[in-house]
> 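What follows is a single structure, and I will ask about it in a moment.
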Amino acid sequence: MGGRNGQSAVLGPHDLHEIHLPPVAAGVRAGALGFMAAYNDIDSVPCCANPWLLKDYLRDQLGFDGIVMADGLAVDRLEDMAGSIPAAGRAALLAGVDVSLWDEGFTRLEEYADDEQVVAAVDTALRRVLELKAMFGLLPEDGADTAAIAMPSADAIAQATADGREQAKRMAREAITLINDGQSAATLDDIRSVIADAQAGPVIVAGPFADDFGCFLGDYTAPLPADEQSSVYRQLVARLGEDRVLLAAKPSDAPADQWARASTVVFVCGSTSERSYDSEFDDNGAAKAVTEYGATCGEGVDLSDIRLPWRQDDMLGEVAALTTAPIVSVAVCGRAHVLTDVLERSAVTIWAGYAGQYGPQAVADVLVDGADMSGRLPVTLPAYPAAIPVRYNDRQSAAHVYKDAAEPILRGFGYGAGSLAAVTFSEMHADTQSHPGEVLVQVTAHADDHGAAGAVNLFAHVSGGRRIPRLAMLVDSVYMDLNAGERRDIAFHVPCDRLRDVGDGQVQVTCTLDGDSTHTVTATMPGEY
């Protein structure tokens, strides 16, 4: 919020429980061993000094007994609140922080050696840290001087590395999202046919990220060997040949006759969190602002203008004026940029997010090999720079709010055909009786002759209580892998506390699959639970 790396969260306890705490509870259920206390404050109470959050909720209500670690220098940030660095360390420790990161405050807790509360809290924090070390074999056995740490074998490391790469490839494929097709006369299928025709004109790869690898990586990414780095341009060259694919990061990089002969233009645009490893860093570890074509988003790096940086809209306009070839725009973004001009000028627009090290391959797979695009938008894209914030789960619609923008949302959260476009659903119904404390939603899925794999998302809308309901809430998601022609029943289990509301009478819960009104069911349940 406001470009700050650690902003005040202005929200009440209901919104906190409804939006932000369910992932915490899920993490505890999944066996998380540690949580990080962040920089932000909630209604002026810092996360690192919030005993309700770190003790009453996390430990007493959820039963968590692992470690709580503060983010870098988050404890020392409490100095203004506590009055001094030592007092900041005491406040964080007593609130439930076990480990600090680079903070001076915890190194000066000895100044409270006579404070019984501090002594007891240090003992508790040490127990948690030592138990965690013991779990991983980092403590010596009784009578031994050093710990005997069991190292995995070379084969196990190689297998883990191979598995990680396969997971990275899968996630890259699942990030690619089709957000526009057939804006002009050419569709994606038409463009694929042209690209496959070796006799057609050149394919020009343009835009600031045409031959860039780092743009596909997120914040804090370790360096990768040069032979594991690629780009959309290099991937298309590998598939189509150097004679067929031209690079034009700027429109002037290719002569006018090549633009006139082009059969397809692939415009790779967006933003980046890439930071060179000789960059300067703030004392909390976030990179300082860098030069043009460097990081435009990420921790400690933000821009006030959410239009594409470096006048990329103008660059795309120049490209469109140079050629009659259909344009495929690939948006590599780590934030919700305004892509209104991109959609208007491109026959096809693909959202790649930060697809990771195999992102360039995934894009080329779509364009050349005809791979499916199973992604869905993880954000809401605004249509105009000032139409923010817009969220899928707002309580009131963003439509017709602005006098100069009747529809300020360009593409909504979850937009995209996904990989289940050919799957049909039927026999959807809800059950509030057989499973106490939850709403059970069941639906039958039917795969076509090719089969499909992907996530089915369930959204809910609650009415009849005492609160203005959210337009929608993502309450469950089920991943399924269907064989060709397979028919399968899917069950969503939605805990009642995800539908948190209190009323004197009954409340109605309307559940919808992926926002499709043709697959909607409404259940009635008690207002108090």
> Would you check if the side chain of Q312 reaches a backbone N or O of P309 as a donor-acceptor pair within less than 3.5 Å?
yes

> Considering all heavy atoms of both residues, which atom of A37 and which atom of V68 are nearest to each other, and what is their separation?
CB-CG1, 4.2 Å

> Going from CG on D71 to SG on C47, what distance comes out if it is rounded to the nearest 0.5 angstrom?
9.5 Å

> Can you name the nearest heavy-atom pair linking G359 to A172, along with the distance?
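The pair with the smallest heavy-atom distance is N-CB, 4.0 Å.
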
> Tell me whether S8 contacts the main-chain N or O of V10 through its side chain, where contact means a donor paired with an acceptor under 3.5 Å.
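Absent.
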
> Can you find a side-chain donor-acceptor pair between Y220 and E299 that sits under 3.5 Å?
yes

> Is the cationic atom of R165 (NZ for Lys, CZ for Arg) positioned less than 6.0 Å from the six-membered ring centroid of Y358 and within 45 degrees of its normal?
no

> Does R335 have any side chain to side chain donor-acceptor pair (under 3.5 Å) partners at least two apart in sequence or in another chain, and if so, which?
D302

> Does either side chain, that of T177 or that of Y415, offer a donor lying less than 3.5 Å from an acceptor on the other one?
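No - no donor-acceptor pair under 3.5 Å links their side chains.
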
> For D114, does the CG atom have more than 12 heavy-atom neighbours from other residues, nucleotides or ligands under 6.0 Å away?
no

> For atom CG of D227, is the number of surrounding heavy atoms from other residues, nucleotides or ligands below 6.0 Å larger than 12?
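Counting other residues, nucleotides and ligands, CG of D227 exceeds 12 neighbours.
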
> Please check if the side chain of D394 supplies one atom and the backbone of R391 the other of a donor-acceptor pair under 3.5 Å.
yes

> Roughly how far, to the nearest 0.5 Å, is CG of L458 from CG of D514?
9.0 Å

> Does the pair R77/D103 count as a salt bridge with the N-to-O cut at 4.0 Å?
no

> Search all heavy atoms of A25 against all heavy atoms of Y57 and return the closest pair with its distance.
CB-OH, 4.0 Å

> Does a side-chain heavy-atom distance below 4.5 Å link I490 with M480?
yes

> With side-chain contact (heavy atoms from CB on, under 4.5 Å) as the test, would you mind laying out the steps for I350 and M373 before giving the verdict?
CA-CA 9 Å; I350 297 169; M373 284 173 279; 4.0 Å; yes

> Do the rings of F413 and Y392 sit parallel, tilted or perpendicular, given the 30° and 60° boundaries?
parallel

> Under a 4.5 Å cut-off applied to non-hydrogen side-chain atoms, are F492 and L513 in contact?
yes

> Contact between V338 and L308 at the side-chain level, heavy atoms closer than 4.5 Å - yes or no?
no

> Salt bridge or not for D60 and K55, using N-O below 4.0 Å?
no

> Do F64 and F35 have their ring centres less than 6.0 Å from each other?
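Ring-ring flag for F64/F35: true, centres closer than 6.0 Å.
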
> Using atom types as modelled and distance alone, determine if a side-chain donor or acceptor of Y39 lies under 3.5 Å from a backbone N or O of L73.
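Side chain of Y39 to backbone of L73: no pair is present.
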
> Tell me, do K169 and Q361 make a side-chain contact under 4.5 Å, heavy atoms counted?
no

> Of all the heavy-atom pairs spanning E407 and Y384, show the shortest one and how long it is.
O-CE1, 3.8 Å

> Taking all non-hydrogen atoms of both residues, which atom of T296 and which atom of S271 are closest, and how far apart?
OG1-CB, 3.0 Å

> Do H337 and W310 have their ring centres less than 6.0 Å from each other?
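For H337 and W310, the ring centres are not under 6.0 Å apart.
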
> Between D211 and R234, does any NZ, NE, NH1 or NH2 come within less than 4.0 Å of an OD or OE carboxylate oxygen?
yes

> About how many Å separate CG of L339 and SG of C269, when rounded to the nearest 0.5 Å?
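Going from the SG atom of C269 to the CG atom of L339 covers 6.5 Å.
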
> Can you check side-chain contact (heavy atoms from CB on, under 4.5 Å) on Q357 and E228, steps first, answer last?
CA-CA 8 Å; Q357 70 190 85; E228 293 188 21; 3.6 Å; yes

> Going by heavy atoms in the side chains, are L109 and L93 under 4.5 Å from each other?
yes

> Working note: D65 + R128, criterion salt bridge (charged side-chain N to carboxylate O under 4.0 Å, His left out); need CA distance, chi angles, decisive distance, verdict.
CA-CA 7 Å; D65 196 34; R128 292 179 181 133; 3.4 Å; yes

> Would a 4.5 Å heavy-atom cut-off, applied to side chains only, mark D155 and I157 as touching?
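Side chain of D155 against side chain of I157, heavy atoms only: no contact under 4.5 Å found.
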
> Look at the side chain of Q229 and the backbone N and O of L224, then say whether any donor-acceptor pair between them is shorter than 3.5 Å.
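It does hold such a pair.
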
> Are any non-hydrogen side-chain atoms of L471 and R395 less than 4.5 angstrom apart?
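No. Closest side-chain heavy atoms not under 4.5 Å.
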
> Do V97 and V99 pass the side-chain contact (heavy atoms from CB on, under 4.5 Å) test, and can you show the C-alpha distance, the side-chain angles, and the key distance before you say yes or no?
CA-CA 6 Å; V97 175; V99 182; 5.8 Å; no

> Measure the CG-OG1 distance between D98 and T124 for me, rounded to the nearest 0.5 Å.
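Interatomic distance, D98 CG to T124 OG1, rounded to 0.5 Å: 8.5 Å.
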
> Would you give me the side-chain donor-acceptor pairs under 3.5 Å for residues 131-141, sequence neighbours excluded?
| from | atom 1 | to | atom 2 | distance (Å) |
| --- | --- | --- | --- | --- |
| E131 | OE1 | R127 | NH1 | 3.0 |
| E131 | OE2 | R127 | NH1 | 3.3 |

> Heavy-atom distance under 4.5 Å between the side chains of L53 and L58, does that happen here?
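The answer is no; the side chains never approach within 4.5 Å.
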
> Can a donor-acceptor pair be found, under 3.5 Å and without considering hydrogens, that links the side chain of E438 to the backbone of L440?
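Side chain of E438 to backbone of L440, a donor-acceptor pair under 3.5 Å: no, none is there.
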
> Which heavy atom of G270 sits nearest to which heavy atom of C333, and what is that distance?
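G270 and C333 have their closest heavy atoms at CA-SG, 4.0 Å.
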
> Does D15 come within less than 4.0 Å of R470, counting only side-chain N to carboxylate O?
yes

> With side-chain contact (heavy atoms from CB on, under 4.5 Å) as the test, would you mind laying out the steps for V232 and F209 before giving the verdict?
CA-CA 8 Å; V232 173; F209 300 126; over 6 Å; no

> Check step by step if salt bridge (charged side-chain N to carboxylate O under 4.0 Å, His left out) holds for R108 and E79.
CA-CA 13 Å; R108 297 178 62 179; E79 181 180 6; over 6 Å; no

> Between T340 (side chain only) and A383 (backbone N and O only), is there a donor and an acceptor less than 3.5 Å apart?
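Looks like yes, one N/O pair under 3.5 Å.
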
> Rounded to the nearest 0.5 Å, what separates atom CG in D76 from atom CD in E104?
6.0 Å

> Check this for me, if you would: do E174 and R170 make a salt bridge, where the nitrogen-to-carboxylate-oxygen distance has to be below 4.0 angstrom?
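Result for this pair is yes, salt bridge flagged.
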
> I need the F216 CZ to S230 OG distance, nearest 0.5 Å.
9.0 Å

> Does the side chain of Q159 come under 3.5 Å of the side chain of D163 through a donor N or O and an acceptor N or O?
yes

> Per the side-chain contact (heavy atoms from CB on, under 4.5 Å) rule, which among V342, I179, L343 passes with S329?
V342

> For C215, is there any backbone N or O sitting under 3.5 Å from a side-chain donor or acceptor partner on D212?
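Such a contact is found between D212 side chain and C215 backbone.
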
> Can any side-chain N or O of H20 pair as donor or acceptor with the backbone N or O of L16 at less than 3.5 Å?
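Absent.
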
